[in-house]
K.L.:
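Once you've had a glance at the structure underneath, I'll fire off some questions.
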Amino acid sequence: MELELKDKVAVITGGSVGIGLAVAKGLAAEGVHLALCARDADRVKAVAAEIASTNGVQALGASVDVTNVHEVAAFVQQVAENFGGADILINNAGTGSNEKIMDAPDDKWQYYWDLHVMAAVRLARALVPAMHKRGGGVILNNASICAKQPLDYEPIYNVTKSALMMLSKCMSEEFIPDGIRVNCINPGLILTPDWIKTATQLTEGTGQTYQDYLDNIAKENTPIGRFGTPEELADFFVFLCSPRASYCVGATYYVDGGWLKVVA
Ligand code: NDP
C-alpha cells in the first residue's frame, strides 16, 4: 500500500526512545521529515541525526520539557523556522506514575496533567493553524489502555491518560472541519527499554531472569501472552498518519494483544 506520506512533516514528542522512536523511524522510512523533542538533549539530537542520515530526511532533535510552556513555545518556533509548520503531530511523551490518592501531593497531579494533557493542548493550539493552511493534517494522541482499564498502583497516570482520550475526541470534532483528523491510540504492554530496565532492577538477586518476569506479566494479563514490540505499534501509528486512513476520525484504538476486558 502506498501511504502517500513522502515529504510530510511530523512533530513527535518523546521521540528519542521507545514507542516515539519507533514511530519516528516508521515515518522516516516513508519519507517524512521529523521534529523530535525530549528532555535529554544529547539523546534526542543523536537519534535525529541517525534517522536523518539513514533515511535521507530532515530531522530536528530538540531538547524540550513538554510540561514547560516556554520550552513548548520555543520548540514550535523552531518547527516553524525549520519546516514552515507540520502536517502531523504525535503527542507521545509520557510516563507511568506510582502513588495512592491519599498520599499524592497536588504538584504531582499538576505535573502529570501538564505532561499528558496540557502539552497536547498547547502543541495543537500552536500547530493547527499552519496545519490547516498546509491542507489539513493528523494528530495522534498516545494514551494507554489505563485510560479505560486502570492499574491500581498509578491513579494519576490512569486519570490523566483518560483525560487525554477525551481530549482527543473533543479535538477531533473541533478540527475535522479544517481537514485535521484526530485519533487516540491506547497501547497495552509494549516492550520498551524502560520495561527491561525496571524488570532487571526488580529481579536482581532473585534468581529470576528479567525475561521470565516480563513473560509472566504478559501471560497473566494479555490473551496473546506476550508484549508487543514498539515496531508493531508504530506500524499502526504510521497507517493512521496516512491519507489512506482518511475515514478514521475521533476514535480510540486499542493495540493491546486483547488485554482490554470490555467491549469498547
Ligand atoms: P519511554 O520512557 O521509553 O519514552 C518516553 C519518551 O518521552 C522519551 O523520549 C522521553 O525522553 C520523553 N519524555 C518523558 N517526559 C518528557 C517531558 N516532560 N518532556 C519531553 N519529553 C519527555 O516511554 P514509552 O515509549 O514506553 O512510552 C511512550 C508513551 O506511550 C507514553 O506516553 C506512555 O505513557 C505510553 N504508553 C506506553 C506503554 C508501554 O507499555 N511502553 C503502554 C501504554 C502507553 P526524555 O526522558 O529525554 O525526556
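Keep in mind that what you see is a predicted model, and the values were worked out from it rather than measured. Remember, it's 1-based here, ligands and their atoms both numbered in the order they're listed.
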K.L.:
For ligand 1, is there an N or O atom under 3.5 Å from any N or O atom of Ile190?
P.N.:
yes
K.L.:
Nearest protein heavy-atom contact for atom 45 (P) of ligand 1: which residue, which atom, what distance?
P.N.:
Arg39 N, 3.6 Å
K.L.:
Hey, does Phe75 sit under 4.0 Å from ligand 1 if you only count heavy atoms?
P.N.:
no
K.L.:
Can you give each donor-acceptor pair under 3.5 Å made by side-chain atoms of residues 81-91, sequence neighbours left out, with the distance rounded to 0.1 Å?
P.N.:
from  : atom 1 : to     : atom 2 : distance (Å)
Glu81 : OE2    : Gln77  : NE2    : 3.1
Asn82 : ND2    : Gln78  : O      : 2.8
Asp87 : OD1    : Arg134 : NE     : 2.9
Asp87 : OD2    : Val9   : N      : 2.8
Asp87 : OD2    : Arg134 : NH2    : 3.1
Asn91 : ND2    : Asn141 : OD1    : 2.8

K.L.:
Classify the side-chain pair Thr206/Gln208 by whether it contains a donor and acceptor separated by less than 3.5 Å.
P.N.:
no
K.L.:
Between ligand 1 and Pro193, is the shortest N or O to N or O distance under 3.5 Å?
P.N.:
no
K.L.:
Looking only at protein heavy atoms, which one is nearest to atom 34 (O) of ligand 1, and what is the separation?
P.N.:
Tyr157 OH, 2.6 Å
K.L.:
May I ask you to check whether Tyr253 and Phe236 place their ring centres under 6.0 Å from each other?
P.N.:
yes
K.L.:
What protein heavy atom is closest to atom 1 (P) of ligand 1, reported as residue, atom name and distance in Å?
P.N.:
Val17 CG1, 4.1 Å
K.L.:
May I ask you to check if ligand 1 and Trp195 share an N or O to N or O distance below 3.5 Å?
P.N.:
yes
K.L.:
Taking Glu30 first and then Lys6, would you say they form a salt bridge - that is, a charged N and a carboxylate O separated by under 4.0 Å?
P.N.:
no
K.L.:
State yes or no: are the ring centers of Tyr157 and His116 separated by less than 6.0 Å?
P.N.:
yes
K.L.:
Hey, does Val64 sit under 4.0 Å from ligand 1 if you only count heavy atoms?
P.N.:
yes
K.L.:
Would you say Glu204 and Thr200 are linked by a side-chain donor-acceptor pair, where the criterion is simply a distance under 3.5 Å?
P.N.:
no
K.L.:
Decide whether an N or O pair under 3.5 Å exists between Asp65 and ligand 1.
P.N.:
yes
K.L.:
Tell me: protein heavy atom nearest atom 21 (N) of ligand 1, and distance?
P.N.:
Ala38 CA, 3.6 Å
K.L.:
Which protein non-hydrogen atom lies closest to atom 30 (O) of ligand 1, naming both residue and atom, and how far is it?
P.N.:
Asn142 ND2, 2.8 Å
K.L.:
Please list every donor-acceptor pair under 3.5 Å in which a side-chain atom of residues 15-26 meets a protein atom from a residue at least two apart or in another chain.
P.N.:
none

K.L.:
Counting heavy atoms only, which part of Ala143 comes closer than 4.0 Å to ligand 1: side chain, backbone, both or neither?
P.N.:
backbone
K.L.:
Please determine if Lys161 has a nitrogen or oxygen closer than 3.5 Å to a nitrogen or oxygen of ligand 1.
P.N.:
yes
K.L.:
Would you please determine whether Pro230 falls within less than 4.0 Å of ligand 1 on a heavy-atom basis?
P.N.:
no
K.L.:
Hey, does Gly14 come in under 3.5 Å of ligand 1, counting only N/O atoms on both sides?
P.N.:
yes
K.L.:
Between Asp194 and ligand 1, is there a nitrogen or oxygen pair with a distance under 3.5 Å?
P.N.:
no
K.L.:
Measure the distance from atom 28 (C) of ligand 1 to every protein heavy atom, then report the residue, atom name and distance (to 0.1 Å) of the closest one.
P.N.:
Asn92 OD1, 3.3 Å
